[in-house]
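In the text below, chain A, chain B and the rest are named by the order of the sequence lines, each starting its count at 1.
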2 protein chains.
Amino acid sequence: MSAPYAEPMDHREDRARPPSPPTLRDVAERAGVSKSLASLALRGDPGVGEARRASVRQAAEDLGYRPNRVARALAETRSGTVGVLLNDLRNPWFVDLLAGLTAALDGGGLAPVLADSFTARRIGRSAVDQLLAQRVDAIVVVGTTEDDAPLREAATSGCPVLLAGTYEPGDLDADVVVNDDRHGAVLATRHLLDLGHRRIVHLTGPGEVGRLRAEGFRATAEAAGLPAWTVAGGMSEESGYAAARRLLEDKARPSAVFAYNDLAAIGALSAAHDLGLEVPRDVSVVGYDNTHIAAIRPVSLTSVDNGTFAIGVQSGRFAIERISGRIGGARVHRVAASLEVRRTTGPALL
Amino acid sequence: MSAPYAEPMDHREDRARPPSPPTLRDVAERAGVSKSLASLALRGDPGVGEARRASVRQAAEDLGYRPNRVARALAETRSGTVGVLLNDLRNPWFVDLLAGLTAALDGGGLAPVLADSFTARRIGRSAVDQLLAQRVDAIVVVGTTEDDAPLREAATSGCPVLLAGTYEPGDLDADVVVNDDRHGAVLATRHLLDLGHRRIVHLTGPGEVGRLRAEGFRATAEAAGLPAWTVAGGMSEESGYAAARRLLEDKARPSAVFAYNDLAAIGALSAAHDLGLEVPRDVSVVGYDNTHIAAIRPVSLTSVDNGTFAIGVQSGRFAIERISGRIGGARVHRVAASLEVRRTTGPALL
DNA sequence: CTGTTAGCGCGTTCAG
DNA sequence: CTGAACGCGCTAACAG
């Protein structure tokens, strides 16, 4: 057994292929200090001499040391992660919001962990359970979710819960960050009224958010002497398509459709197209969320901008506060809504 | 030094609000058994009596016990997670692939952990580093990435790397799962030729995948006696827009554009629209990936279907094999490509 | 400033 | 079948 070379190094590296990653102890030994000092030095503790620090840093560098986050999480009993509960990654609104959320979390040394309940549902255990098992330090619920019970459980078990773009579940003192849904709907409805539309239908969506948007629509329509015509339209492209199709097939079809969100609005566009109706000549369509899909030129959907990025950022800030301090709970932060007019809305033909 | 021993009861539960989640020991105590038995019982070890098992299960239920995954990961020196490296969540292809991947991973008791290098880049540390620090058991690279060096490091440090929809980096014995890019491009090009197009341009994209698609295009075009007209078009909507805009502004503009992917194709659609060109009358456009955005009716993009879901599934399977067994490495699995014809392609006017 | 000692919560021996 | 003991890699509380 002639060793290829008599390497006088520690026996971690002379092993065959699977070299277990270097640990803090390896670094400490190589630098000739104790583990705790190595830890302090690497984490920038002010009470460590420059010389020591440099040699520890060097040793870490040489060994290609990476602090093991799972060990750290166990020791700190906090993982430095926050769970983000989405319910469908295909909804671009979630993705847009995530950008703002991640940016804010990063400022607090936190990293997002994604979980879409759509995926988790197949698996049996709820997405919330998965997150809790991972010991996330907080959970941000993005948009409407069905995962009610587990969430309630999480909140009472001490895990801070933040609501972004939704009010549900309402009975767990969570901070909520939303846009002014009622006013957003007012803007959309006024826009259609200004274009001369008199037969406007609103495709309603779920939750308090859906209720507020419907309320804004109803108030504005009725103030203009119109009936508050609403039909359930869901929050997906498919459901929006189905609802719009039924409406547009009818003799007495609406001249304008204001949908709960962009996805449903796109479904409505599809329905119009399939029925040979031209947008906006035969029917105008307005969405909500102003996602990047709405901005795609072949779509060019007029949509209410709800400050998606800002909502993400504020949710992240709230999360940081709840995790570090003990501030917060049941706050409501409302972001302004505005209307982005594109090419799916036009004057009513009468 | 008055010892805090004075507490007569288990000082876990009599504390105020923030009750630390129950541990395995709590469960064991409540069920009147040892920790090890509790562990075995909960994990379904066959050598545990039914009565015992039931009482342990019951105790766990009562306490709302959730096994702490970070503790488990630390003890097992494997986390049960695989890192998924995306580079832009806004690209719907990634999201579609993720569905297949998650499904497959779930079969092996693994869960995906998402990391988009787009987000990570701002943060400084590369996304790969983040994943490695989390001790993911494998990394699946989805699509082209710039994170070359860290990936190479990861691979040589013993973390299995899988490539889904890309060949890069090529020198780390990773399994790769792709579609037949060359043939996909042939299908797209033939389709345009069959429609009578003679001035076809291909917007090329990055990497070996981009090269293969370009090669398929070139071969097919030249076989038809056409020049192999190619222009760099990138992989984003913006870059596709810019490239297409320059081309379409020109007097001698192409009658058909075959883009590297759907996003770039959508950019091309936008450019055409902005220039007052009608699709497909004035110019035909073909994408690649057949994402759900392509299927949106107002878009209705003709696109090459590359079996996104299947690629995800196969990547997941490979990952499981690499993690559990020691099989694998440098395998190539190729999925068939097909063409989905929609409404952005039509006959050439001549 | 440093080093030593305990755990964090769980899996896994290994004796009883 | 049981229960005690150890270790995963790290942080935190103490002593020196």
To the nearest Å, give me how far apart [atom1] ([X]) and [atom2] ([N]) are.
X: A/Leu40; N: C/dT2; atom1: CG; atom2: P; value: 10 Å
X: B/Leu74; N: C/dT12; atom1: CG; atom2: P; value: 13 Å
X: A/Asn68; N: C/dC8; atom1: CG; atom2: C1'; value: 13 Å
X: A/Arg25; N: D/dC10; atom1: CZ; atom2: P; value: 10 Å
X: A/Glu76; N: D/dA13; atom1: CD; atom2: C1'; value: 14 Å
X: B/Leu24; N: D/dA5; atom1: CG; atom2: C1'; value: 15 Å
X: A/Tyr65; N: D/dG9; atom1: OH; atom2: P; value: 10 Å
X: A/Arg72; N: C/dG7; atom1: CZ; atom2: C1'; value: 17 Å

Next item on the list: Considering only atom P, compute the distance from D/dG9 to C/dT2 and round it to an integer number of Å.
Entry: 25 Å

Note to self: Going by side-chain hydrogen bond (donor to acceptor under 3.5 Å, both in side chains), name the residues that satisfy it together with B/Ser34, two or more places apart in sequence or in a different chain.
What the structure shows: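 Testing B/Ser34 for side-chain hydrogen bond (donor to acceptor under 3.5 Å, both in side chains), a comparison that skips the adjacent residues, returns B/Ser36.
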
Notebook entry, point to check: Residues in side-chain hydrogen bond (donor to acceptor under 3.5 Å, both in side chains) with A/Asp96, at least two apart?
Noted result: A/His292

Tell me whether the side-chain N/O atoms of [X] come closer than 4.0 Å to OP1 or OP2 in [N].
X: A/Arg135; N: C/dC8; value: no
X: B/Ser39; N: C/dG11; value: yes
X: A/Arg43; N: D/dA12; value: yes
X: A/Arg69; N: D/dC8; value: no
X: A/Arg52; N: C/dT2; value: yes

Check: What distance do A/Leu163 atom CG and A/Ile311 atom CD1 have between them, rounded to the nearest 0.5 Å?
Finding: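 So the CG of A/Leu163 and the CD1 of A/Ile311 are separated by 11.5 Å.
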
Next item on the list: Look up atom CG in B/Leu86 and atom CG in B/Leu98, then write down how far apart they are to the nearest 0.5 Å.
Entry: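 B/Leu86 CG to B/Leu98 CG: 6.5 Å, rounded to 0.5 Å.
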
Next item on the list: Could you list the residues that satisfy salt bridge (charged side-chain N to carboxylate O under 4.0 Å, His left out) with A/Arg43, not counting sequence neighbours?
Entry: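 Testing A/Arg43 for salt bridge (charged side-chain N to carboxylate O under 4.0 Å, His left out), a comparison that skips the adjacent residues, returns none.
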
Check: Sequence neighbours excluded, which residues qualify as salt bridge (charged side-chain N to carboxylate O under 4.0 Å, His left out) partners of A/Asp129?
Finding: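 Partners of A/Asp129 by the salt bridge (charged side-chain N to carboxylate O under 4.0 Å, His left out) criterion, ordered by chain and then number, come out as B/Arg66.
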
Checklist line | Residue pairs fulfilling side chain to side chain donor-acceptor pair (under 3.5 Å) with at least one residue in residues 161-170 of chain B, sequence neighbours excluded | finding: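 For residues 161-170 of chain B, and leaving out neighbouring residues, the side chain to side chain donor-acceptor pair (under 3.5 Å) pairs sorted by first residue read B/Thr166-B/Glu168, B/Tyr167-B/Arg334.
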
Notebook entry, point to check: Is there any side chain to side chain donor-acceptor pair (under 3.5 Å) pair reaching into residues 47-60 of chain B, and which pairs are they, with sequence neighbours excluded?
Noted result: B/Gln58-B/Asp62

Item checked: Ion pair A/Arg30/A/Asp26, N-O distance below 4.0 Å ->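 Salt bridge flag = no for A/Asp26 with A/Arg30.
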
Per-pair distances, 0.1 Å, donor-acceptor, side chain in residues 68-75 of chain B, under 3.5 Å, sequence neighbours excluded:
residue : atom : partner : partner atom : Å
B/Asn68 : OD1  : B/Val70 : N            : 2.8
B/Asn68 : OD1  : B/Ala71 : N            : 3.2
B/Arg69 : NH2  : B/Ser79 : O            : 3.2

Checklist line | From C/dC10, D/dT11, D/dT2, nucleotide with atom closest to B/Ala75 side chain | finding: C/dC10

Next item on the list: Go ahead and write out DNA chain D as dot-bracket, 5' to 3': ( ) for pairs within the strand, [ ] for ones crossing earlier pairs, | when the partner sits on another strand, dots for unpaired; Watson-Crick or G-U wobble, both distances under 3.5 Å.
Entry: |||||||||||.||.|

Pick out the pairs of N or O atoms, protein on one side and nucleotides 4-6 of chain C on the other, that lie under 3.5 Å.
residue : atom : partner : partner atom : Å
C/dT4   : O4   : A/Ser36 : OG           : 3.3

